[in-house]
Amino acid sequence: MSRQNDPADALSGRAVLVLETGAGEPATRAVEAAGGRLEPCAVDTAVAAILSQPPQVLLVTAPDQMGRLLDTAGLQGRRTALGRTLSGMLLVSGGDACTDALRRHGLEPGLEASGEAGLRRPAARHDPGRPDPDAVFLKACRREPVPHTPVWLMRQAGRYMAEYRDIRARMSMLELCKSPDLVSEVTVHAAGRLGVDAAILFADLLLVVEPLGLSLDYRKGEGPVIEPAVRDARGVDALREVDPAELGYVYEAVRRTRADLPGRTPLIGFAGAPFTVASYLVEGGASRSFQHTKSLMYRDEGAWRALMEKVVRATTGYLLGQVEAGAQALQIFDSWVGALSPADYRRYVQPHTAALIAAVPAGVPLIHFGTGTGALLELMQAAGGTVIGLDWRVELDEAWRRLGPDVAVMGNLDPLVLFGGPAVIEREVRRILAQAGGRPGHIFNLGHGILPHTPVDDVIRLVDLVHAASAGAR
């Protein structure tokens with residue numbers, strides 16, 4: 001949309017949708033003085049008004065309005081459509097705080113109300129279409145000084161959010177993963193609502209299963225089910241070589257998400273680590289004992305090696321595709337590797353994980369995360385990774401001492417602390433920040449993903465507390 005130099009030219013005679021305000025506020029007076037025709041509208045009904053007959057101009061008069069508007073659209077499954085419509089409109093901000101709020105949601109106001117000047121052009125900012133290489137999360141990955149400890153949360157888009165549950169009620173996990181617009185919607189919504197320092201692409205670590213030639217289903221009460229399970233050399237030989245193009249829907253989701261995110265918010269792509277993916281293939285799903293996995297590993301080391309090599313080739317192409325599509329960082333999840341002894345990890349896993357990590361382009365931070373890995377941390381570090389993710393079973397300061405100063409660390413709040421109430425959350429957050437000691441290279445996260453039924457307000461409280469407490473300590 002063309003935006004003239006004089007605000008009067010931009011607004012004269014044009015209808016201006018106003019979110020929840022009276023005619024006496026300074027912003028509305030400034031718009032009226034510039035010739036705009038005010039059309040008040042409640043936030044709850046504005047989504048339908050904007051999408052049915054898009055107004056040319058929208059006036060936002062309070063910092064929380066855009067978040068509420070986008071949340072309402074999310075509940076209706078129309079957040080992406082609304083975001084794109086808003087991007088094509090002339091947005092007028094009620095002042096500095098409103099401008100900052102709009103920018104946090106990836107929207108750029110064309111005009112801003114000023115008590116002295118009436119309406120003005122907002123001060124320039126970083127181009128929202130260009131990812132910021134100096135975002136606080138990326139600087140922490142590089143172990144550079146940051147103004148506050150960055151925080152993001154595994155499974156930050158998930159079942160604890162009503163908006164996500166509403167979408168999942170209409171479709172399966174795989175249908176959602178294969179819908180780039182909806183992937184962008186849930187990814188961007190979660191990052192914006194929580195106020196985190198990075199978004200992680202909504203996907204699933206088993207999306208490489210179907211291109212390998214197996215079936216993947218998510219059955220209620222069972223989790224992922226893979227058929228046929230790969231139990232011997234014949235099953236390994238039957239696996240297809242993965243064409244990375246078969247996962248094109250993921251790369252499209254990355255492109256759309258990157259376009260919909262504010263430029264200040266990095267996007268993390270991810271994949272399952274080789275052992276975890278291989279164990280799913282061999283077990284046919286989740287497992288407690290990993291009996292079939294370890295039986296194959298011990299009885300036919302050649303077949304195990306061939307399986308891991310196929311998984312690494314598939315995952316390498318998958319990760320590179322995400323980077324090419326716009327992911328600025330990567331994480332590999334080794335959710336089940338804690339089932340191994342250090343000797344078994346060194347012999348059966350480390351060379352393959354190292355090969356995968358070595359294929360990631362230089363300059364792309366990679367987080368190497370596993371659970372139950374207190375005995376494996378040094379071996380994981382030797383396999384590679386810009387950042388080593390820590391679960392809650394280790395003390396952060398002791399783990400970092402073992403790893404040494406040449407690697408960043410991520411973690412490591414027990415996810416169940418979020419059920420403990422504000423006082424417990426604050427105590428544990430401050431404990432972990434104290435263990436990090438303000439050293440460059442700490443990224444705050446949970447020790448695993450957010451659990452269902454976690455109170456959303458307490459997740460937001462956690463993020464705000466990390467920011468405030470870590471900034472105050474610097």
Side-chain angles (χ1 to χ4, degrees), residues 172-180 183 201-219 222-255 269-287 290 292-325 327 330-337 348-361:
S172 70
M173 178 70 170
L174 281 176
E175 287 172 329
L176 175 54
C177 289
K178 293 179 180 181
S179 304
V183 167
L201 183 74
F202 181 86
D204 187 84
L205 58 81
L206 295 178
L207 295 181
V208 297
V209 168
E210 289 181 328
L212 284 166
L214 306 174
S215 72
L216 173 63
D217 189 20
Y218 290 84
R219 298 175 187 170
E222 294 184 56
V225 177
I226 298 167
E227 295 175 330
V230 180
R231 298 280 168 82
D232 53 28
R234 181 178 299 179
V236 174
D237 290 341
L239 293 174
R240 294 184 349 212
E241 289 292 333
V242 172
D243 178 356
E246 294 184 71
L247 292 158
Y249 61 88
V250 178
Y251 315 142
E252 180 59 25
V254 172
R255 285 188 285 270
F270 78 92
F275 176 80
T276 290
V277 173
S279 70
Y280 270 113
L281 299 179
V282 177
E283 300 292 338
S287 174
F290 299 93
H292 297 295
T293 301
K294 292 187 178 184
S295 293
L296 177 63
M297 202 169 66
Y298 295 145
R299 291 185 177 185
D300 193 339
E301 190 167 348
W304 174 258
R305 185 183 307 111
L307 172 61
M308 292 289 274
E309 289 172 352
K310 280 194 174 182
V311 169
V312 167
R313 288 194 293 273
T315 308
T316 297
Y318 181 44
L319 289 176
L320 293 180
Q322 293 180 57
V323 171
E324 290 169 3
L330 298 170
Q331 175 160 320
I332 59 170
F333 285 81
D334 223 344
S335 306
W336 307 130
V337 76
Y348 298 107
V349 174
Q350 189 182 53
H352 307 290
T353 302
L356 173 63
I357 294 173
V360 173

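- The closest side-chain heavy-atom distance from D204 to P224 is not below 4.5 Å.
- Minimum heavy-atom separation, D334 to F275: OD1-CB, 3.7 Å.
- E246 approaches R240 most closely through the heavy-atom pair OE1-NH2, 2.8 Å.
- For Y298, the side-chain hydrogen bond (donor to acceptor under 3.5 Å, both in side chains) partners two or more places apart in sequence, or in a different chain, are D344.
- In terms of the salt bridge (charged side-chain N to carboxylate O under 4.0 Å, His left out) criterion, residue partners of R255 (sequence neighbours excluded) are, by chain and number, E252.
- Contact of the V230 side chain with the L212 side chain is not registered, since no non-hydrogen atoms from C-beta on lie closer than 4.5 Å.
- Taking the six-membered ring where tryptophan is involved, the planes of W336 and F290 are tilted, since the angle between them lies from 30° to 60°.
- In this structure, the side chain of T293 does not engage the main chain of V282 through any donor-acceptor pair within 3.5 Å.
- Between Y318 and V242 there is no side-chain heavy-atom pair separated by less than 4.5 Å.
- Remark: side-chain polar atoms of T316 are not paired, donor with acceptor, to backbone N or O of L356 under 3.5 angstrom.
- Closest heavy-atom contact between P274 and V312: CG-CG2, 3.8 Å.
- Side-chain contact between Y280 and L206 is present, with at least one heavy-atom pair separated by less than 4.5 Å.
- Under a 3.5 Å cut-off, the side chain of K178 and the backbone N or O of Y249 do not form any donor-acceptor pair.
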Side chain to side chain contact (heavy atoms under 4.5 Å, CB included) assessment of Y218 paired with L174: CA-CA 8 Å; Y218 290 84; L174 281 176; 3.9 Å; yes
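- Classification of R219 and D217 as a salt-bridged pair holds, one side-chain N sitting under 4.0 Å from a carboxylate O.
- T353 places none of its side-chain heavy atoms less than 4.5 Å from the side chain of V337.
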- request: Could you check M308 against R305 for side chain to side chain contact (heavy atoms under 4.5 Å, CB included), going step by step and ending with a plain yes or no?
  value: CA-CA 5 Å; M308 292 289 274; R305 185 183 307 111; 5.9 Å; no
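- Proximity of D232 to D300: side-chain heavy atoms (C-beta onward) are nowhere separated by under 4.5 Å.
- Taking 4.5 Å as the limit, every side-chain heavy atom of V236 sits out of range of all side-chain heavy atoms of L281.
- Minimum heavy-atom separation, E175 to S172: OE1-N, 2.8 Å.
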Full working for side chain to side chain contact (heavy atoms under 4.5 Å, CB included) between Q322 and V250: CA-CA 7 Å; Q322 293 180 57; V250 178; 4.3 Å; yes
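- Between T315 and I332, every side-chain heavy-atom pair lies at or beyond the 4.5 Å cut-off.
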